[in-house]
2 protein chains.
Amino acid sequence: MKLTSKGRYAVMALVDLAKFNNLNPVSLRDISIRQGISLDYLEQIFSKLRKKEIVQSVRGNQGGYVLNKKAKEIKLTNIFEAVDEKVKTLQCKKESKKGCNGKSTKCLTHNLWDELENHINDFFEKKSLEDLIKDNIERRL
Amino acid sequence: MKLTSKGRYAVMALVDLAKFNNLNPVSLRDISIRQGISLDYLEQIFSKLRKKEIVQSVRGNQGGYVLNKKAKEIKLTNIFEAVDEKVKTLQCKKESKKGCNGKSTKCLTHNLWDELENHINDFFEKKSLEDLIKDNIERRL
DNA sequence: ATAAACCTGACTAAAATAGTCAAGTATCTT
DNA sequence: AAGATACTTGACTATTTTAGTCAGGTTTAT
């Protein structure tokens with residue numbers, strides 16, 4: 001089980017953005033340089049974040065991106081959802097009515113994966129961008 | 001983020017094994033049929049489980065596999081470890097001394113992924129095979 | 001002997017990942 | 001109006017991982 005880099009980068013970029021999000025928009029170019037993420041890749045990621053209204057774009061010279069909500073209101077869940085990073089443990093969830101594997105019962109471990117998903121999503125649900133930024137400042141990375 | 005089928009199958013197979021683990025060894029063939037997992041694939045998985053001493057093999061005619069410990073003592077962590085299913089969220093962990101990305105500091109979200117890993121591992125650490133079997137019986141699938 | 005079942009290692013098709021590349025469009029500054 | 005900056009979009013691709021298959025064993029109960 002692993003997290004994809006799209007999810008990781010999205011969070012990194014947003015923390016960076018939030019830190020520098022004073023009055024002026026932050027350009028992807030700056031984030032790219034500071035975080036060592038390819039500009040083209042960042043563009044893909046921010047396109048998705050914008051569609052989910054997590055950030056707003058400011059076009060033109062001196063443009064960039066701005067948070068569209070307060071850092072407190074942006075949960076990790078929202079970010080991951082936006083970039084299609086999902087916690088998926090079950091193959092069997094598709095056939096909702098019946099069981100897994102095309103059988104009439106749930107597979108032996110169905111409930112386990114359900115629990116696990118909830119456990120992980122709880123974590124994401126509780127953490128906000130603000131939490132991450134505070135954590136950063138405190139530890140003075 | 002997703003769990004691979006190797007991990008899922010390992011757990012499914014072990015629950016099956018534990019349920020039928022009375023006096024006689026359980027053959028992979030039976031598990032294969034009951035759980036709908038390819039026999040060849042099961043052999044790969046059980047080879048790993050055997051090396052980690054989670055199961056014991058009984059060769060020859062009427063052979064099969066037996067649990068090597070009490071179901072209570074086999075935690076999900078052990079199973080996942082055995083089949084190389086790891087929770088890995090960080091790329092940055094490799095360069096231990098210095099920071100991530102080859103920089104001298106940790107990346108902005110380093111602590112986050114650390115916390116996440118711990119959160120998930122806690123879950124795996126607490127769940128034993130026995131828990132899963134009980135859960136199965138109670139809910140009568 | 002022979003059949004059942006474990007054992008091992010090499011191989012591979014398909015999917016996912018982690019990007020790159022190209023060709024725009026919008027808007028600010030001068 | 002021109003140019004620069006920066007967002008926007010979509011197609012493309014190399015690499016890696018996954019999820020197995022396949023072939024050819026070895027061991028042991030009957």
Could you state the atom-to-atom distance from [atom1] of [X] to [atom2] of [N] in whole Å?
{"X": "L49(B)", "N": "dC6(C)", "atom1": "CG", "atom2": "C1'", "answer": "14 Å"}
{"X": "K51(B)", "N": "dC6(C)", "atom1": "NZ", "atom2": "C1'", "answer": "13 Å"}
{"X": "K48(B)", "N": "dC7(C)", "atom1": "NZ", "atom2": "C1'", "answer": "14 Å"}
{"X": "N24(A)", "N": "dA6(D)", "atom1": "CG", "atom2": "P", "answer": "12 Å"}
{"X": "E85(B)", "N": "dT18(D)", "atom1": "CD", "atom2": "C1'", "answer": "11 Å"}
{"X": "R8(B)", "N": "dT18(D)", "atom1": "CZ", "atom2": "C1'", "answer": "12 Å"}
{"X": "Y65(B)", "N": "dA5(C)", "atom1": "OH", "atom2": "P", "answer": "13 Å"}
{"X": "Q56(A)", "N": "dT8(D)", "atom1": "CD", "atom2": "C1'", "answer": "16 Å"}

Hey, mind stepping through I74(B) and S128(B) against side chain to side chain contact (heavy atoms under 4.5 Å, CB included) and telling me if it holds?
-> CA-CA 5 Å; I74(B) 302 175; S128(B) 73; 6.0 Å; no
Does [X] put a side-chain nitrogen or oxygen below 4.0 Å from OP1 or OP2 of [N]?
{"X": "R29(A)", "N": "dT5(D)", "value": "no"}
{"X": "S57(A)", "N": "dT8(D)", "value": "yes"}
{"X": "Y9(B)", "N": "dG20(D)", "value": "yes"}

Roughly how far, to the nearest 0.5 Å, is CG of D131(B) from CG of L112(A)?
->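 It comes to 10.0 Å.
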Name of the residue among I54(B), L17(B), N68(B) meeting side-chain contact (heavy atoms from CB on, under 4.5 Å) with L49(B) = I54(B)
R8(A): which of V83(A), I37(A), L3(A) passes side-chain contact (heavy atoms from CB on, under 4.5 Å) | L3(A)
Do V66(B) and V11(B) share a hydrophobic cluster, counting only Ile, Leu, Val, Met, Phe, Trp and Tyr and linking them when any side-chain heavy atoms are less than 4.5 Å apart?
-> no
May I ask you to test the L76(B)-L132(B) pair for a side-chain heavy-atom distance under 4.5 Å?
->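 SC-SC contact between L76(B) and L132(B) confirmed.
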Residue list, salt bridge (Lys or Arg N to Asp or Glu O under 4.0 Å) with K75(B), at least two apart or on another chain =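 So K75(B) forms no salt bridge (Lys or Arg N to Asp or Glu O under 4.0 Å) with any residue.
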Can you tell me which residue pairs pass the ring pair (Phe, Tyr, Trp, His ring centres under 6.0 Å) test with a partner in residues 49-69 of chain B, sequence neighbours excluded?
-> F46(B)-Y65(B)
Side-chain donor/acceptor of T109(B) to backbone N/O of M12(A), under 3.5 Å = no
Among residues 37-46 of chain A, which contact DNA chain C at a heavy-atom distance under 4.0 Å?
->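 Output list: S38(A), D40(A), Y41(A), Q44(A).
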Applying salt bridge (Lys or Arg N to Asp or Glu O under 4.0 Å), which residue pairs with at least one partner in residues 39-56 of chain A are found, sequence neighbours left out?
-> K48(A)-D84(A)
Kindly give the atom pairs (protein nitrogen or oxygen, nucleotide nitrogen or oxygen) under 3.5 Å for nucleotides 25-30 of chain D.
from: dT26(D); atom 1: O2; to: R59(B); atom 2: NH2; distance (Å): 3.0
from: dT27(D); atom 1: O4'; to: R59(B); atom 2: NE; distance (Å): 3.3
from: dT27(D); atom 1: O4'; to: R59(B); atom 2: NH2; distance (Å): 3.3

Anything under 3.5 Å between a protein N or O and an N or O of nucleotides 15-17 of chain D, put it in a table, one pair a line.
none

Residue pair G63(A)/S47(A) against DNA chain D: nearer the 5' end by closest nucleotide is G63(A)
Could you please spell out the steps behind the side chain to side chain contact (heavy atoms under 4.5 Å, CB included) verdict for E130(A) and K70(A)?
-> CA-CA 8 Å; E130(A) 191 180 58; K70(A) 286 178 188 162; over 6 Å; no
Hey, what's the ring geometry for H119(A) with F123(B), parallel, tilted or perpendicular (30° and 60° as the breaks)?
->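 Because their plane-to-plane angle lies in the 30° to 60° range, the rings of H119(A) and F123(B) count as tilted.
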